[in-house]
Student: 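This is the structure I have questions about; it appears just below.
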Amino acid sequence: MYKGQDSASIVAVAVVVFLLLASLAFYPGTLAPGYDGNTWNYHHEIEEAPGVNSSTGGEFESATDPEYPSYRYEELSPTAQELFDRTRTADSATYTPNICMDYVLVCNGYYEEELPTEYTYGVSLDNASLYTAIEYDGATYLLQTGISEAPNDPNFMYGFSILLFRGLLLLHAGTIATITLVRLSGRWTSANNDSYSNLIGGGVVFATAGFLLPYVELSGLIRGEWHMTLLASAVAVMYAVFGLVWLTMAIAQRHDLDLSGTDQLDHR
């Protein structure tokens, strides 16, 4: 049996890592994107009215048509003005803001609840919701927000990577809990300390990676849905490989201990 201050310390660390892994398995931000990937929900496009809608090729109705919500620029909230200005001055007259997910602690774009109430966002919007008429500098503009029909392109690879990673977090937490209970039961030898420490250290590494992944996207180091998908998939695969390597080494170590014990009995 292995006792002492070091033993108590490593058990305390194991308990903390167990709680961390178990919590992150259910935390919505684990290995998740930092920005909302449904960018079409927040698409902005502007045309001076009356004119031609570059998206559909059809003509806009008069900007004074009562079906459209109508505002003077000065009546808009500061955020609504900012989005209008960014769309109007963009080379393509289109602008899609970065919408941060609710679970990120910092945001260099907008949280969904910060978007202006003057505009309607989402999909399957009718014309009355899709467009807003805005009078600015003697002209009237139609600002389109959202989209009438969203593309049907689900990212199953990213979803599978997240499920795999969170399942491994739970398995990892359960393994730490089981080994810790064995350690506390008195059936522990100091020869097992290395595998126990490696298990705990791996938990810290992959828990940190899963928590920080959304902020990698926010930082701009990785941008785009498929880049994030590849990164998340790589992290999940590395986690699975770590688990297999640790298990193989633990089994080999156990086998060596059994052989050592058998040799000692033979010499008696």
Student: Is the ring centre of Y239 less than 6.0 Å from the ring centre of H172?
Tutor: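 So the answer is yes for these two rings.
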Student: Going from CD1 on I251 to OG on S195, what distance comes out if it is rounded to the nearest 0.5 angstrom?
Tutor: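 Going from the CD1 atom of I251 to the OG atom of S195 covers 11.5 Å.
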Student: Apply the test side chain to side chain donor-acceptor pair (under 3.5 Å) to residues T140 and E48: give CA-CA distance (whole Å), side-chain angles for both, the deciding distance (0.1 Å), then the verdict.
Tutor: CA-CA 6 Å; T140 302; E48 188 171 355; over 6 Å; no
Student: Hey, what do you get for OG1 (T229) to CZ (F160), rounding to the nearest 0.5 Å?
Tutor: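 It is 13.5 Å, given to the nearest 0.5 Å.
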Student: Looking only at side-chain N and O atoms, does Y42 offer a donor or acceptor that is under 3.5 Å from a partner on D36?
Tutor: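 Short answer, yes.
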Student: With sequence neighbours excluded, tell me which residues meet salt bridge (Lys or Arg N to Asp or Glu O under 4.0 Å) with E75.
Tutor: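 By the salt bridge (Lys or Arg N to Asp or Glu O under 4.0 Å) rule, E75 matches R72.
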Student: At what distance, to the nearest 0.5 angstrom, does CG of L31 lie from CG of L169?
Tutor: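 One gets 8.5 Å once the value is rounded to the nearest 0.5 Å.
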Student: In terms of heavy-atom contacts, does OH of Y215 have more than 12 from other residues, nucleotides or ligands at under 6.0 Å?
Tutor: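 Correct, the count exceeds 12.
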Student: In terms of side-chain heavy atoms, does T94 have a donor or acceptor partner in S92 at a distance below 3.5 Å?
Tutor: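 Distance-only check passes for T94 and S92.
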Student: Are F242 and L164 in one and the same hydrophobic cluster, where Ile, Leu, Val, Met, Phe, Trp and Tyr link if side-chain heavy atoms are under 4.5 Å apart?
Tutor: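 The answer is yes; both residues are in one hydrophobic cluster.
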Student: Are F206 and L21 close enough, and set up right, to give a side chain to side chain contact (heavy atoms under 4.5 Å, CB included), and what steps lead you there?
Tutor: CA-CA 9 Å; F206 285 101; L21 293 171; 5.9 Å; no
Student: Could you tell me whether the side chains of Y136 and Q81 share a donor-acceptor contact shorter than 3.5 Å?
Tutor: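 No pair is found: no donor N or O on one side chain lies under 3.5 Å from an acceptor on the other.
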Student: Return the set of residues passing salt bridge (Lys or Arg N to Asp or Glu O under 4.0 Å) with R88 (not counting sequence neighbours), or none when no residue passes.
Tutor: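 R88 satisfies salt bridge (Lys or Arg N to Asp or Glu O under 4.0 Å) with D85 once adjacent residues are dropped.
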Student: I'd like to check the ring pair (Phe, Tyr, Trp, His ring centres under 6.0 Å) partners of Y158; sequence neighbours left out, ordered by chain and number.
Tutor: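 Counting only residues at least two positions away or on another chain, Y158 forms no ring pair (Phe, Tyr, Trp, His ring centres under 6.0 Å).
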Student: Go through the side-chain N and O atoms of T145 and Y131 and say whether any donor and acceptor fall under 3.5 Å apart.
Tutor: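 The criterion, which ignores hydrogens and geometry beyond distance, is not satisfied for Y131 and T145.
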Student: Please evaluate residues C100 and L218 with respect to the criterion side chain to side chain contact (heavy atoms under 4.5 Å, CB included), reporting the C-alpha separation (whole Å), side-chain torsions for both, the decisive distance (0.1 Å), and the verdict.
Tutor: CA-CA 8 Å; C100 298; L218 294 179; 4.1 Å; yes
Student: Using the rule that Ile, Leu, Val, Met, Phe, Trp and Tyr join whenever any side-chain heavy atoms are under 4.5 Å apart, tell me whether L184 and I176 fall into a single cluster.
Tutor: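 Both belong to a single hydrophobic cluster.
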Student: Can you tell me if E118 uses its side chain to pair, donor with acceptor, with the backbone of S77 under 3.5 Å?
Tutor: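 Yes.
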Student: F84 and Y141: aromatic ring centres closer than 6.0 Å?
Tutor: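 Yes, ring centres under 6.0 Å apart.
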Student: Does any N or O in the side chain of T96 come within less than 3.5 Å of the main-chain N or O of H43, such that one atom is a donor and the other an acceptor?
Tutor: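 Pair absent, no side-chain N/O of T96 close to backbone of H43.
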Student: If you round to the nearest 0.5 Å, how far is OG1 of T178 from CG of L199?
Tutor: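 Rounded to the nearest 0.5 Å, the CG-OG1 separation comes out at 10.0 Å.
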Student: May I ask whether Y103 and Y111 are part of the same hydrophobic cluster, defined by side-chain heavy atoms of I, L, V, M, F, W, Y residues being less than 4.5 angstrom apart, directly or through others?
Tutor: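 Hydrophobic grouping puts Y103 with Y111.
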Student: Go through it in stages, so that I can follow the logic: the residues are I200 and F18, the test is side chain to side chain contact (heavy atoms under 4.5 Å, CB included), and I'd like the CA-CA distance, side-chain angles, deciding distance and then a yes or no.
Tutor: CA-CA 8 Å; I200 295 171; F18 162 77; over 6 Å; no
Student: Measuring from T87:OG1 to I46:CD1, what's the distance to the nearest 0.5 Å?
Tutor: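 Spacing of OG1 (T87) from CD1 (I46) equals 6.0 Å.
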Student: Out of curiosity, does L213 fall in the hydrophobic cluster containing L105 (side-chain heavy atoms, cut-off under 4.5 Å, transitive links)?
Tutor: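 Yes: a chain of side-chain contacts under 4.5 Å links L105 to L213.
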Student: Do you reckon V204 sits in the same ILVMFWY cluster as V216, going by side-chain contacts under 4.5 Å, direct or chained?
Tutor: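 Result: yes, single cluster for both.
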Student: Go through the side-chain N and O atoms of Y35 and N108 and say whether any donor and acceptor fall under 3.5 Å apart.
Tutor: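 Per modelled atom types, Y35 and N108 side chains form a pair under 3.5 Å.
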Student: Could you measure the distance from the CG atom of L143 to the OH atom of Y119? Nearest 0.5 Å is fine.
Tutor: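 Interatomic distance, L143 CG to Y119 OH, rounded to 0.5 Å: 5.0 Å.
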